[in-house]
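Presented below is the structure to which this report refers.
Note that the coordinates shown come from a computational prediction; the quantities given were computed from them, not determined experimentally. Protein chains get the first letters and strands the later ones, always in sequence-line order, with residue 1 at the start of each.
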Amino acid sequence: MSENRQNNNPKQDKPLDGSDQVAVRQAKLDQMRENGVDPFRANWDQTHTSIQAQALLTEDMEDGPEVSVAGRIVAFRLMGKASFLKVLDRDGRIQSYVRKDEIGEEEYAAFKKLDLGDFIGIRGKLFRTKTGEVTVRAKEYRLVSKALRPLPEKWHGLTDNDQIYRQRYLDLIVNEESRERFRTRSQIIREIREFFWDRDFLEMETPMLQSVSGGAAARPFRTHFNALDCDFNMRIALELHLKRLMVGGFDRVFEVGRVFRNEGLSRRHNPEFTMLEAYQAYTDYRGMMELTRSLIQQVSERALGTLQLERNEGDTIDLSGEWREAKYKDLIIDAVGRKDWFDLPKSAKLEKAKELRIEVDPSLEDFEVTNDIFEKVIEHTLIQPTFVTHIPKELCPLAKITEDDSSTIDVFELCINGQEIAPAYSEQNDPAVQRSAFMKQVGEETQELDDDFLLALEHGMPPAGGMGLGIDRLVIFLTKAANIRDTILFPTLRPS
RNA sequence: GGGGGUGUAACUCAGUUGGUAGAGUAGCGGACUCUUAAUCCGUUUGUCGGGGGUUCGAGCCCCCCCGCCCCUACCA
């Protein structure tokens, strides 16, 4: 990739016929250097971006002030004595018009040697073309950075998925929807932060390297710390450390951070993904319900300007107003069509699962069979925002037991777009109950016992509500992405 | 892990019954002072993903391997 083409390339001896585009560009660059022109200038004084420049020329104006723009050449229409080009900067594209009689014969000849993909700076007055497009009429131009490799094809763009993910920069140069999606993602995360700051939360940072990775049941990535000669795990959740902060007295905290789970890849799963978790003292899962709904509504309103999200499937997700609440048990009873479901023996449940055409492993626990029905039959039907409440206590050891029903916990799972987006709990703060819940889990699931966390709980944690939200999945439905990889700039791939 | 699909020029793709590689874009040379995928004339470029096999002959058929995509499984 980086071998010295000037000296080692045997093709250099042959006349350049255009067959090796990189060699042609390299030769142009060498020629420039010989002529004393620096193809990688230290800087260019950019006074306006494309959008800022376009805003200067209002409808009623024929021409406008002088501006200096800069960016990558993404369209190049050369003619004998005048040319049009489009320059891409962080805001978008702007057209420029370059005339031989205005920049001089020599400069124009050099201008025609530029390539698609080169970075250029242009200074000149704004004017409007016959077709009404705001354009910079070049008084001066400079190549500011040479591109040695050509861009993907201009019309079809870049469609090879592997290349889109491995060379994301090409995707971003060529595919506007992609550029727009990641711009929106950044805006979404910014709005999430604003929301919590406005509510007096502190943004905290907790360790990614942990000796015990708790807070969820997932296989961790393991690594080794040489200095201490011991193994560490990458974190799988933020929960247990943020709760330590609650113990410490920071009683409104949140964190947006990467978590790592050593599990499969799919359209909805990437091994590293971005999680939001928030904890607030003196509230409970009902308070988290209001918080979560307001958060998503505010983010959608501000980042997208709407609460009505059209889906690729043709229907619309309506985020406005109050959101539906449904008890887990009611959804199950509805789906299986039996009121006595929870009194049935496991064998009858397995049989019913078969009827519903779900593959269920007979060695599963009773509650796991039920939960399979939830995940495989119900979850994907919950397109409109739905808080699923009163979930069986076996499914989560970190929440408080419901007061009038000891079989369930005070939690909700928010489902939107047929996916679980955000769970929230009334957080368990009784160290003894917490310990026994952990003990039951250890062994059967992969949740690790974190004694240090239990020690913290024994010092007392205020009553609190907590929630977690998978940001990538939020971005999926807010941007109509088809795949989690379209919301992660550099998704995990097999090394090439 | 299982099933299906796919890999051809820098990019997007076509390639017939097995007969020796093609288009558009990009590039190169030329014409052109309002283009919008600019246009017009001329023109270069291939380890057909890799390896093996069948055959007089393989991009095409068979086997093995690799990458990618979809479904499925795993997955709080």
Practice task
Using atom NZ of K86(A) as one end and atom P of rC34(B) as the other, report the distance to the nearest whole Å.
Solution key: 16 Å

Exercise for the section: Compute whether any side-chain donor of one residue and acceptor of the other, for S83(A) and Y108(A), lie under 3.5 angstrom apart. Expected result: yes

Handout entry: Y108(A) OH to rA31(B) C1', straight-line distance once rounded to whole Å
Key = 12 Å

Exercise for the section: Can you tell me the distance, in whole Å, between the CG atom of L265(A) and the C1' atom of rC71(B)? Expected result: 15 Å

Practice task
With K349(A) as the cation and W341(A) as the aromatic partner, state whether NZ or CZ is under 6.0 Å from the six-membered ring centre and within 45° of the axis.
Solution key: yes

Problem - Those residues of residues 117-139 of chain A lying under 4.0 Å from RNA chain B by at least one heavy atom - result: F127(A), T129(A), K130(A), T131(A), E133(A)

Handout entry: Cationic tip of R168(A) above F490(A) ring, under 6.0 Å, 45° of axis
Key = no

Completion exercise
Whole-Å distance, K376(A) NZ to rC71(B) P, equals 16 Å

Practice task
Check every atom of rC32(B), rA37(B), rG67(B) against the side chain of R77(A) and return the nucleotide holding the closest atom.
Solution key: rA37(B)

Completion exercise
Comparing nearest nucleotides in RNA chain B, the 5'-proximal residue of the pair R485(A), R473(A) is R485(A)

Handout entry: Whole-angstrom distance between rU45(B) and rA21(B), as gauged at atom P
Key = 12 Å

Problem - Atom pair distance, as rounded to whole Å: CG in N483(A) and C1' in rC69(B) - result: 10 Å

Completion exercise
Y328(A) atom OH is separated from rA76(B) atom P, nearest whole Å, by 13 Å

So which protein N/O to nucleotides 6-11 of chain B N/O distances come out below 3.5 Å?
unit_1: rC11(B); atom_1: O2'; unit_2: E153(A); atom_2: N; d: 3.0
unit_1: rC11(B); atom_1: O2'; unit_2: G157(A); atom_2: O; d: 3.2

Fill in the blank from the handout: Side-chain contact check for F84(A): nearest option of rA76(B), rC71(B), rU35(B) is rU35(B)

